[in-house]
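Numbering of residues begins at 1 and proceeds along the displayed sequence. All values below come from the heavy atoms of this structure, side chains included, with hydrogens, waters and symmetry mates left out.
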Amino acid sequence: MKSILHRKDKLIITTLEIIDEIGIMNLSTREIASREGVSEATLFRHYRNKNDLLMAVLDYFTQFDNDLYQTTILKKLNPLDAIRFFLSSLAEFYENYPAITVITQLMDTLRYEPELEEKVRSIVFQRSQLLEKLIDEAKKQNEIRKDIDAELLADIISGAFRETCLKWRFSRNFSLKERFNSSLNSILASFAI
């Protein structure tokens with residue numbers, strides 16, 4: 001069983017690396033199998049088709065989000081510190097594992113695959129709902145102005161995160177974590193009481 005899980009994990013990581021290097025349009029099961037040194041038949045023993053493998057990639061992508069969300073709750077931080085912790089930790093993870101940032105840029109493309117649409121929707125809205133919840137708590141604790149719409153502010157923060165990731169993917173000549181933390185602090189300061 002361990003070797004099966006190991007092979008499946010390797011296929012996921014290889015898939016991410018290929019998408020990062022040559023794009024989703026050039027992703028093929030043949031390329032994945034070739035890089036892993038296995039036959040396509042071996043790949044299909046683990047994943048029914050390319051979309052099944054992409055679903056596993058999305059699950060892998062969200063696992064860190066889920067773990068980080070639980071850690072954020074356990075830390076019992078005030079709402080603004082929780083937002084900072086969650087997103088700063090996410091940026092640090094991405095900076096240490098650059099290939100995974102490709103998924104943040106592919107959400108709109110992947111949602112057009114009927115088998116993946118619901119998973120993509122879930123990922124996008126789960127992050128947004130976490131931010132909205134923390135923003136609403138910050139409003140209750142008078143850390144953020146009460147007239148600010150939580151969903152709108154969550155969209156602004158999420159958009160800044162995606163844009164910073166995209167620029168970082170192009171150049172990698174700055175710290176993703178530091179740049180985003182600076183952006184986040186500016187955004188939050190703009191809406192603070």
Side-chain angles (χ1 to χ4, degrees), residues 8-9 11-29 31-32 47-72 82-136 149-172 174-177 179-184 187-188:
K8 289 179 90 166
D9 289 343
L11 290 168
I12 290 168
I13 291 166
T14 298
T15 301
L16 272 168
E17 290 170 353
I18 292 170
I19 295 169
D20 185 45
E21 290 172 27
I22 61 176
I24 190 116
M25 301 306 288
N26 295 312
L27 178 67
S28 69
T29 55
E31 180 67 21
I32 297 164
Y47 299 102
R48 292 176 314 208
N49 54 40
K50 188 166 79 170
N51 278 349
D52 192 35
L53 180 54
L54 287 172
M55 182 66 80
V57 167
L58 291 171
D59 286 337
Y60 180 80
F61 175 79
T62 58
Q63 185 58 50
F64 187 74
D65 274 24
N66 296 335
D67 293 345
L68 190 53
Y69 175 68
Q70 294 304 318
T71 302
T72 303
I83 292 169
R84 287 183 184 100
F85 173 78
F86 180 78
L87 292 170
S88 179
S89 298
L90 202 57
E92 184 175 5
F93 175 61
Y94 287 3
E95 192 163 4
N96 290 321
Y97 187 22
I100 201 136
T101 61
V102 73
I103 300 301
T104 64
Q105 307 303 317
L106 283 177
M107 290 299 182
D108 191 52
T109 300
L110 293 175
R111 78 181 181 96
Y112 291 103
E113 290 293 330
E115 295 170 16
L116 303 176
E117 180 183 9
E118 188 53 41
K119 181 67 174 180
V120 170
R121 181 186 318 279
S122 171
I123 292 168
V124 170
F125 286 105
Q126 183 177 1
R127 275 193 187 175
S128 183
Q129 289 167 353
L130 168 63
L131 290 175
E132 288 174 40
K133 178 181 172 185
L134 292 171
I135 291 164
D136 280 334
D149 180 87
E151 183 179 8
L152 178 61
L153 183 51
D155 289 348
I156 292 168
I157 292 168
S158 296
F161 189 80
R162 277 190 307 278
E163 184 71 13
T164 304
C165 281
L166 181 60
K167 287 181 179 177
W168 181 77
R169 285 180 54 74
F170 281 126
S171 69
R172 298 209 181 131
F174 59 87
S175 166
L176 175 61
K177 181 180 176 181
R179 174 77 60 90
F180 179 71
N181 285 346
S182 179
S183 296
L184 180 61
I187 291 167
L188 293 176

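For the salt bridge (charged side-chain N to carboxylate O under 4.0 Å, His left out) condition, the pairs that include at least one residue of residues 83-93, sequence neighbours left out, are D81-R84, E92-K177. Residue pairs that meet the salt bridge (charged side-chain N to carboxylate O under 4.0 Å, His left out) test with at least one member in residues 52-61, sequence neighbours left out, are R48-D52, D59-K119.
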Which side-chain N or O atoms in residues 107-116 pair as donor and acceptor under 3.5 Å with protein atoms at least two apart or in another chain?
unit_1 : atom_1 : unit_2 : atom_2 : d
D108   : OD1    : R111   : NE     : 2.6
E113   : OE1    : N51    : ND2    : 3.1

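Listed by chain and residue number, L68, T71, T72, K75, L77, S89 satisfy the side-chain contact (heavy atoms from CB on, under 4.5 Å) test with F85 (two or more places apart in sequence, or in another chain). By the side chain to side chain donor-acceptor pair (under 3.5 Å) test, R121 is found to be paired with E117, residues two or more places apart in sequence or in another chain being considered. Applying the side-chain contact (heavy atoms from CB on, under 4.5 Å) test to A150 and every residue at least two apart in sequence or in another chain returns E132, I135, D136. With sequence neighbours left out, the side chain to side chain donor-acceptor pair (under 3.5 Å) criterion links E118 to no other residue. Residues passing the side chain to side chain donor-acceptor pair (under 3.5 Å) test with Q129, sequence neighbours excluded: none. Under the side chain to side chain donor-acceptor pair (under 3.5 Å) criterion, E163 pairs with no residue, sequence neighbours left out. The salt bridge (charged side-chain N to carboxylate O under 4.0 Å, His left out) search around E21 returns R35, not counting sequence neighbours. Under the rule for a ring pair (Phe, Tyr, Trp, His ring centres under 6.0 Å), Y60 has no partner lying at least two apart in sequence or in another chain. With sequence neighbours excluded, the residues forming a side-chain contact (heavy atoms from CB on, under 4.5 Å) with R179 are T164, F174, listed by chain and number.
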